[in-house]
Amino acid sequence: MPVVPVDGTATPPSADRPLRVAVVGAGPAGIYAADALTRQDAVPVAVDLIDRLPTPFGLVRHGIAPDHPKMRAIRDTLHRTLDDPLVRFVGNVEIGKDISLDELRRHVDAVIYTYGAAIDRHLGIDGEGLPGSLAATELVAWYTGHPDADRARVEAALAGVRDVVVVGVGNVALDVARVLARTPAELESTDMPQHVLDTFAATPVQRITVLGRRGPAQASFTTQELRELDGLEAATVLVDAGDLELAPDAEERAAADRNVARNLTVLRGWVDHVPEPGRTRLHLRFFARPARLLGEERVTGVEVERTAVDGDGRAVGTGELDVLPADLVVRSVGYFGTPLPGLPVDERSGTVPHEAGRVLRDGKTSPGEYVAGWIKRGPSGVVGTNKHDARETVASLLADAADGSLRTEGAVGDLVEELVSRGAEPVLVDDWRAIDAAETALGATRGRARTTLHEREALLAAVRAAVR
Ligand SMILES: Cc1cc2nc3c(=O)[nH]c(=O)nc-3n(C[C@H](O)[C@H](O)[C@H](O)COP(=O)(O)OP(=O)(O)OC[C@H]3O[C@@H](n4cnc5c(N)ncnc54)[C@H](O)[C@@H]3O)c2cc1C
């Protein structure tokens, strides 16, 4: 049914012809956006929740650390939205590859971009490209069983590793350090693929140094993540007392910020720790930035420069250098959004320009285009932050629908039929349930709640086996 009659007046969305919304990315932001769309009665909607992976949940599946099962269990709450009859999960479909943005837009009245920020930032120092130097994105993708992980590259980097340097002091850096410091027994019950568990079991890490280029007052990790390091079965956390002596203004700022104050209390409680034989040393160093990675064939060390924090809170080099031995360097200095072909992205922030979630093209709002989640506000906040963010975006969309500015030129065909006619193999919610069941069954063979299927073909095979 045409939504815009020839006289140009828009037909309001109705139960027969609901407003069709495509949400691009089934991570938390996309799921929360779908949830906000279906929880209101003012505008009848039908939502296609599209993901390039055959599986939903984005970084809840392929980011949140597998040794944090309680945090990962948020997927059970997110799943309720996938079960909503007004929401159709359409996995295994990449926008920009299986169908272009323009083509997608011809099938729906509005699009919400929630495709995340998956590219890692670089340090921009010599040696960064050496084997043995990885981005946290690569390591995390591998240990969470992301189908696009470069298994050969990560496993070659991990082979025989004893000394690790993690660059960055956010929660992701602590995740990486903690996972590397865990014993095989501590990881045994996780949903990590078996080859990941086997590789970790064969990786005799003895020393992990986490480098923060500024002071502990500027570190972005949360106290809960920090505190957890002290509970590791076979690792001792070490902190230098000198790194915790702050200038009076930094001390004042620290006291005013509860997270920072708590972090400092935890860190100060660790200054008396001493290395213990047979235990991994997990050393948190501040005011230290990597000047270059050393090595010929692969990384052998990191030249570290002592820094000071200037009046603007920036790290400045002091010229004081030392060398840390390292067979593996993992940089965890932030994520960055990439452009979807046909969509503007601000090059500096890696986010889509917007006004209250309405996409801006050349400074003007683009009718029918919205954005939420990391690709809207950058890679910060916890899963729940995306809920408020998605609600703001959906409020803008619904306001536009109410004032008639969301109009489709002519009839919209069914997206899934169109994709199938192009040879794509969309994974719908029942197909995802088959994957879910296959992962649970695989886990049960080793007494675990689940084991992640890490190959796209294995994920699709689970779907095909269930259809037969
Ligand atoms: C390593 C790591 C650990 C984290 N741990 C925690 C934690 O413990 N607790 C916490 O609260 N938060 C944690 N976070 C933060 C949390 O994961 C994010 O806030 C959240 O996932 C961001 O949601 P999003 O939907 O914007 O992006 P994402 O979760 O990245 O979802 C984006 C989705 O879009 C899909 N996509 C991308 N491109 C396309 C395309 N072209 N077509 C179709 N689909 C596409 C992707 O496959 C993905 O599923 C962590 C983040 C990381 C990186």
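Ligands are counted one by one from 1 in listed order, and the atoms in each one are counted from 1 as well. These numbers were taken from a predicted model, which means no experiment stands behind them. We use all heavy atoms of the structure for the numbers below, so side chains are in, but hydrogens, waters and symmetry mates are not.
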Could you tell me, atom by atom, which parts of ligand 1 come under 4.0 Å of a heavy atom of [X]?
X: Gly63; result: 1 (C), 2 (C), 3 (C)
X: Met71; result: 7 (C), 8 (O), 9 (N), 10 (C), 11 (O)
X: Asp175; result: 3 (C)
X: Tyr335; result: 1 (C), 53 (C)
X: Glu94; result: 41 (N), 42 (N)
X: Gly58; result: 29 (O), 31 (O), 48 (C), 49 (O)
X: Gly373; result: 26 (O)
X: Leu340; result: 41 (N)

Query raised in the report: Is the closest heavy-atom distance from Ile375 to ligand 1 below 4.0 Å?
Result: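 Heavy atoms of Ile375 never come under 4.0 Å of ligand 1.
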Report task. Decide whether the shortest distance between a heavy atom of Gly96 and an atom of ligand 1 is less than 4.0 Å. Result ->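 No, that is not the case, since the closest heavy atom of the residue is not under 4.0 Å from the ligand.
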Query raised in the report: At their closest point, which heavy atom of Ala33 faces which heavy atom of Ala390, and how far apart are they?
Result: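 That would be N-CB, 3.6 Å.
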Lys/Arg-Asp/Glu bridge criterion (N-O < 4.0 Å) met for [X], [Y]:
X: Arg182; Y: Glu228; answer: yes
X: Glu425; Y: Arg464; answer: yes
X: Arg433; Y: Asp83; answer: yes
X: Asp51; Y: Arg61; answer: no
X: Arg448; Y: Glu439; answer: no
X: Asp102; Y: Arg105; answer: no
X: Asp257; Y: Arg262; answer: no

Query raised in the report: Would you call Lys364 and Arg358 a side-chain contact if the rule is heavy atoms closer than 4.5 Å?
Result: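 A side-chain contact is absent here, since even the closest heavy-atom pair is not under 4.5 Å.
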So, regarding [X] and ligand 1 (criterion: nitrogen or oxygen to nitrogen or oxygen, under 3.5 Å), is there a contact or not?
X: Ile95; answer: yes
X: His68; answer: no
X: Asn386; answer: yes
X: Ala29; answer: yes
X: Leu59; answer: yes
X: Arg52; answer: yes

Report task. Please work out which of Val23, Asp51, Asp389 has its closest non-hydrogen atom nearest to atom 33 (C) of ligand 1. Result ->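 Selected option, by shortest heavy-atom distance: Asp51.
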Requested in this report: Pick, from Asp120, Thr137, Val383, the option with the minimum heavy-atom distance to atom 10 (C) of ligand 1.
Outcome: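 Heavy atom nearest to atom 10 (C) of ligand 1 belongs to Val383.
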**Report entry** side chain to side chain contact (heavy atoms under 4.5 Å, CB included), paired with Pro28, selected from Asp389, Thr114, Ile74, Val383
**Finding:**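 Going through the options one by one, the only one that passes is Val383.
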Query - Exam field: side chain Arg72 to backbone Ile64, donor-acceptor pair closer than 3.5 Å - result: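 Side chain of Arg72 to backbone of Ile64, a donor-acceptor pair under 3.5 Å: yes, one is there.
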Query raised in the report: Checking ring-ring contact (aromatic ring centres under 6.0 Å, His included) for the pair Trp374/Tyr113: CA distance, chi angles, key distance, verdict?
Result: CA-CA 10 Å; Trp374 272 18; Tyr113 305 107; over 10 Å; no
Requested in this report: Starting from atom 37 (C) of ligand 1, locate the nearest protein heavy atom and write down its residue, its atom name and how far away it is, to 0.1 Å.
Outcome: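 Here the nearest protein heavy atom works out to Tyr115 O, 3.3 Å.
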Query raised in the report: Quick one: does atom 50 (C) of ligand 1 have a protein heavy atom under 4.0 Å from it?
Result: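 Within 4.0 Å: no protein heavy atom nearby.
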